[in-house]
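Structure first, commentary second.
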Amino acid sequence: MRDATVELRPTTETDLPDLMALWNDGAVMRHVGYPDGIGADPEHMRAWLRRVRADPSRRHYTIHTAEIGFCGEVHARTAADGLASLDIKLQPKAQGRGIAHAALGRLIDEIFSAGVASRAYVEPDRANSAALRLYGRLGFVERPRPASLEPLGSNAVHLEISRDLALR
């Protein structure tokens with residue numbers, strides 16, 4: 001199910017304070033190895049957005065609902081071989097409401113429909129049961145990790161979804 005009340009917006013300068021707060025929140029960032037957040041400041045955020053805009057392989061969106069407003073972020077980076085890495089982060093108040101499913105589902109639909117990727121992957125920590133449930137509901141399955149990717153953390157799992165599975 002794709003929730004029509006969840007909106008994805010291309011990330012702009014006006015989103016940077018919300019993203020900075022998200023990235024500096026240890027409750028959000030602990031699953032990606034930053035239990036105290038990343039310590040981003042405004043200049044870090046502006047430099048990051050310049051890099052994102054300069055990279056045609058990247059798509060980055062903020063997630064919003066009428067009820068909550070800013071909920072988080074979702075993004076994709078596609079490699080030359082057609083494999084896209086995906087990520088999503090939500091504020092705690094937006095978690096457990098189906099927002100992640102709707103937002104990530106829309107991003108998957110977009111990258112596959114546009115033909116920019118043939119497969120996509122996520123690499124959550126095996127201890128992150130909520131993420132594993134989400135990815136399973138979206139159709140991700142565990143696959144062998146491509147050798148072209150950087151080394152994976154010891155407790156992470158490589159999950160993929162293909163265009164054929166996602167567009168059914």
Side-chain angles (χ1 to χ4, degrees), residues 1-3 6 8 10-11 19 22-40 44 48-49 51-63 71-92 94-168:
M1 180 180 91
R2 306 285 195 258
D3 185 346
V6 175
L8 299 186
T11 303
L19 285 171
L22 184 75
W23 294 357
N24 288 335
D25 184 338
V28 172
M29 299 299 288
R30 70 184 166 94
H31 288 295
V32 292
Y34 298 94
D36 298 320
I38 66 167
H44 171 95
W48 166 82
L49 186 58
R51 287 191 307 275
V52 168
R53 287 182 171 166
D55 185 347
S57 71
R58 294 178 75 169
R59 294 168 185 250
H60 194 280
Y61 301 94
T62 54
I63 305 165
C71 296
E73 68 172 340
V74 65
H75 62 91
R77 179 181 284 173
T78 306
D81 64 359
L83 180 62
S85 66
L86 307 180
D87 191 33
I88 186 166
K89 292 179 189 70
L90 292 180
Q91 297 184 64
Q95 295 172 5
R97 297 170 166 240
I99 294 168
H101 188 275
L104 197 55
R106 284 209 188 113
L107 181 64
I108 291 166
D109 290 347
E110 177 187 321
I111 64 170
F112 288 154
S113 296
V116 299
S118 57
R119 297 176 1 251
Y121 75 94
V122 293
E123 295 183 325
D125 189 287
R126 287 186 189 276
N128 189 345
S129 59
L132 295 173
R133 282 190 307 276
L134 167 66
Y135 299 135
R137 285 193 314 269
L138 286 165
F140 284 84
V141 294
E142 189 168 355
R143 295 274 191 242
R145 192 161 192 275
S148 60
L149 298 178
E150 293 180 18
L152 184 61
S154 63
N155 203 36
V157 59
H158 181 84
L159 306 173
E160 288 191 14
I161 189 168
S162 68
R163 182 179 194 279
D164 296 337
L165 291 175
L167 294 179
R168 285 185 185 169

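- Looking at every heavy atom in both residues, Leu22 comes nearest to Gly72 through CD2-CA, 4.0 Å.
- In this structure Ser148 satisfies the side chain to side chain contact (heavy atoms under 4.5 Å, CB included) test together with Asp81, Pro146, sequence neighbours excluded.
- For residues 113-129, every residue pair satisfying the salt bridge (charged side-chain N to carboxylate O under 4.0 Å, His left out) rule, not counting sequence neighbours, is listed here: Arg119-Glu160, Glu123-Arg145, Arg126-Glu142.
- Residues passing the ring pair (Phe, Tyr, Trp, His ring centres under 6.0 Å) test with His44: none are found, sequence neighbours excluded.
- Residue pairs meeting the ring-ring contact (aromatic ring centres under 6.0 Å, His included) criterion with at least one member in residues 132-153, sequence neighbours excluded, are Tyr135-Phe140.
- Considering NE2 of His101 and CG of Leu134, their distance stands at 6.5 Å, rounded to 0.5 Å.
- The structure places OG of Ser162 at 11.5 Å from CG of Leu83, a figure rounded to the nearest 0.5 Å.
- Legend: residues meeting ring pair (Phe, Tyr, Trp, His ring centres under 6.0 Å) with Tyr121, ordered by chain and number and at least two apart, are His158.
- With sequence neighbours excluded, the residues that form a side chain to side chain contact (heavy atoms under 4.5 Å, CB included) with Ala114 are Arg59, Val116.
- With values rounded to the nearest 0.5 angstrom, Leu107 atom CG is found 5.5 Å from Leu86 atom CG.
- When every heavy atom of Leu90 is checked against every heavy atom of Ala94, the shortest pair comes out as CD1-O, 3.8 Å.
- Qualifying salt bridge (charged side-chain N to carboxylate O under 4.0 Å, His left out) partners for Asp87, counting only residues two or more places apart in sequence or in other chains: Lys89.
- For Asn24, the side-chain hydrogen bond (donor to acceptor under 3.5 Å, both in side chains) test picks out no residue, with sequence neighbours left out.
- By the 4.5 Å heavy-atom criterion applied to side chains, Ile63 and Leu8 are counted as neighbours.
- Shortest non-hydrogen contact noted between Pro56 and Ala54 is CD-O, 3.3 Å.
- With sequence neighbours excluded, the residues satisfying side chain to side chain contact (heavy atoms under 4.5 Å, CB included) with Ala117 are Thr78, Ala84, Ile111, Phe112.
- Asp25 places none of its side-chain heavy atoms less than 4.5 Å from the side chain of Gln91.
- Checked against side-chain hydrogen bond (donor to acceptor under 3.5 Å, both in side chains), Ser118 has no partners two or more places apart in sequence or in another chain.
- At least one side-chain heavy atom of Leu132 sits less than 4.5 Å from a side-chain heavy atom of Val157.
- Residue Asn155 comes nearest to Ala127 through the heavy atom pair ND2-N, 3.8 Å, listed as atom of the first residue, atom of the second, then distance.
- Contact of the Thr11 side chain with the Val52 side chain is not registered, since no non-hydrogen atoms from C-beta on lie closer than 4.5 Å.
- Listed by chain and residue number, Trp48, His75 satisfy the ring pair (Phe, Tyr, Trp, His ring centres under 6.0 Å) test with His60 (two or more places apart in sequence, or in another chain).
- A search for side-chain hydrogen bond (donor to acceptor under 3.5 Å, both in side chains) contacts involving Arg53 returns Glu13, not counting sequence neighbours.
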